[in-house]
Amino acid sequence: MRMRGMRDEPAATWPARPDAAASLPFALVSGRETLIGRGCLGRLDPGAAPVQARVRDYFAARPDGPRVLVGALPYDMAAPAYLFQPAELTRLAGRSPLAQTLQSAFPAAPPAAARDTLPAPHWRVMAEPTLPAYRAAVAAALEKMADGEDDLRKIVLSRSLRLAADRPIDARALLRILARDESVTTFCVPVSGAEGDGAFIGATPELLISKRGEAILSHPLAGSARRHADPALDRAAAQALAVSEKDGREHRAVVEAILDQLAPYCLELGTPEGTQITSTATMWHLGTRIAGRLRDPALSSLELAALLHPTPAVCGTPRPAAARLIAELEGYDRGFYAGAVGHCDEAGDGAWHVAIRCARIAGGEARLYAGAGIVPGSDPIAEGEETSAKFAALLQAFGIDEDGRPLEEKVP
Ligand SMILES: C=C(O[C@@H]1C=C(C(=O)O)C=C[C@H]1O)C(=O)O
């Protein structure tokens, strides 16, 4: 099959030394599995050959080490992917031994007793773009849809928050807090770049694709509502989402695109439970589990991720028109945000999670991202509020609100 290219990075963009990613472990913790990778034996080289052929060549040349590549795929598929072989890999089924695993991979520093006496960091938060500018971008996209331009029916527009602390961010503590929400997949990808050594960290509720033998699974989400501390308000928000025509349309765009793209490669493909309301600690979503059986079990999880990405959950419909308008209206590089984080083994089995509810962290700085799906009928103010709600997962872990003020109530 012919897959769209997934190029790898020019060496200068990423650490030249393979062990430069060794300071923080790679971590991926979901309800299905826990992977902790330490150190780095090597990186997948750039090349014109299809990605799974390069993965096979990589392992053929290296008889040692775990037979798994881990890392992150950027939103822009023309940009470099970041895939490496950890020197050591701990892999467990499910989430149950999480507490101990995370404790040994990310030991708390400093110890809790000492930390209680330290003052909380002081944060500055800069919205890029500002909320009014984001609403204006949403309004501009709605106008283009109303004009019938490029037959655009859905576009996902994001905004970002730059956070600056008066001390280095404790990535390990952040990850431990995020992992308390058992409805999400918590991840940490150690990365270096222009901003220095750091990590791409997040807590995503969305599975792009997992593949084991012939069995594949995708769990797209689209259509969202903020959760509430008050149980009656919380239930009402879920009920309103379940019957919202606009959110249903937003959601179907994603499910139909994934089904259409996977169908030619599958013997069986379906949505056994239909669309359901799913939740994280901070958000309600519409979600549909898509399960299938591949015609060719040799098709790798990386090839499947490249086929599906970017879905209309992070880009839009039709894809080329939405991608162009995103580049025009957002005005920044999404980097790994809205890309994917995961792993792929020598045989191609693996899982790739949509990289949302995330932050790029380096030193005392963090850049957070959140987006919302826009369809005819969307309201720019409500979409801005939806992005604020989506920032909450990360902001709560940092202990601040969107203006950088300390939260009175810490997350449980
Ligand atoms: C783009 C994001 O989320 C995506 C968009 C959603 C929506 O528009 O309702 C819901 C879940 C995600 O697929 C994000 O969290 O940044």
Side-chain angles (χ1 to χ4, degrees), residues 14-15 17 19-30 34-40 70-72 82 84 86-90 98-112 114-115 118-125 160-181 184-204 281 335-337 339 341-343 353 355-370 391-400 404 406-407 410-411:
W14 299 102
R17 284 178 302 119
D19 64 348
S23 51
L24 277 170
F26 169 89
L28 191 137
V29 182
S30 77
T34 299
L35 277 90
I36 308 286
R38 296 177 185 78
C40 175
V70 299
Y82 179 54
F84 65 96
E88 275 173 50
L89 185 72
T90 307
L98 172 66
Q100 303 92 299
T101 311
L102 273 185
Q103 195 55 42
S104 60
F106 293 91
R115 200 173 40 192
L118 292 173
H122 178 261
W123 294 93
R124 263 182 319 124
V125 180
S160 95
L161 297 178
R162 288 184 88 96
L163 272 54
D166 56 0
R167 72 203 62 184
I169 294 166
D170 185 345
R172 294 165 168 83
L174 187 63
L175 197 80
R176 280 197 307 272
I177 295 171
L178 291 173
R180 289 178 192 163
D181 182 354
V184 297
T185 297
T186 309
F187 60 83
C188 171
V189 184
V191 286
S192 313
E195 315 95 275
D197 283 356
F200 182 56
I201 284 187
T204 174
F336 291 124
Y337 163 66
V341 168
H343 56 92
H353 299 263
I356 51 175
R357 320 295 147 81
C358 55
R360 172 79 170 86
I361 290 165
E365 299 201 349
R367 185 156 179 159
L368 277 57
Y369 301 86
F391 280 130
L394 266 285
L395 287 175
Q396 281 185 5
F398 282 114
I400 53 172
L407 294 175
K410 294 265 185 244
V411 275

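None of the values given here were measured: they were computed from a predicted structure.
Looking at Leu28 and Val70, their side chains never come closer than 4.5 Å, going by heavy atoms from C-beta outward. Arg176 is not listed as a side-chain neighbour of Thr186, based on a closest heavy-atom distance of 4.5 Å or more. In this structure, Val189 and Phe336 have side chains that are not in contact, with every pair of non-hydrogen atoms separated by 4.5 Å or more. Using a 4.5 Å heavy-atom threshold, the side chains of Val191 and Arg360 count as touching. For the pair Leu175/Leu24, no side-chain contact is recorded, criterion being any heavy-atom separation below 4.5 Å from C-beta on.
Cys188 approaches Ala199 most closely through the heavy-atom pair SG-CB, 4.0 Å. In plain terms, the two heavy atoms of Leu89 and Gly37 that are nearest each other are CD1-CA, 3.8 Å. Considering all non-hydrogen atoms of both residues, Leu178 and Ala397 come closest at CD2-CB, 3.8 Å.
Atom NE2 of His122 sits about 10.0 Å away from atom CD1 of Ile400, to the nearest 0.5 Å. Atom OG1 of Thr204 and atom NE2 of His353 lie 8.0 Å apart (nearest 0.5 Å).
Checked against the 6.0 Å centroid criterion, the rings of Phe187 and Phe200 qualify as a close aromatic pair.
Using cut-offs of 30° and 60° on the angle between ring planes, the pair Phe84 and Phe26 is perpendicular.
With sequence neighbours excluded, the residues forming a side chain to side chain contact (heavy atoms under 4.5 Å, CB included) with Ala366 are Leu163, Ile169, Ile361, Leu368, Phe398, listed by chain and number.
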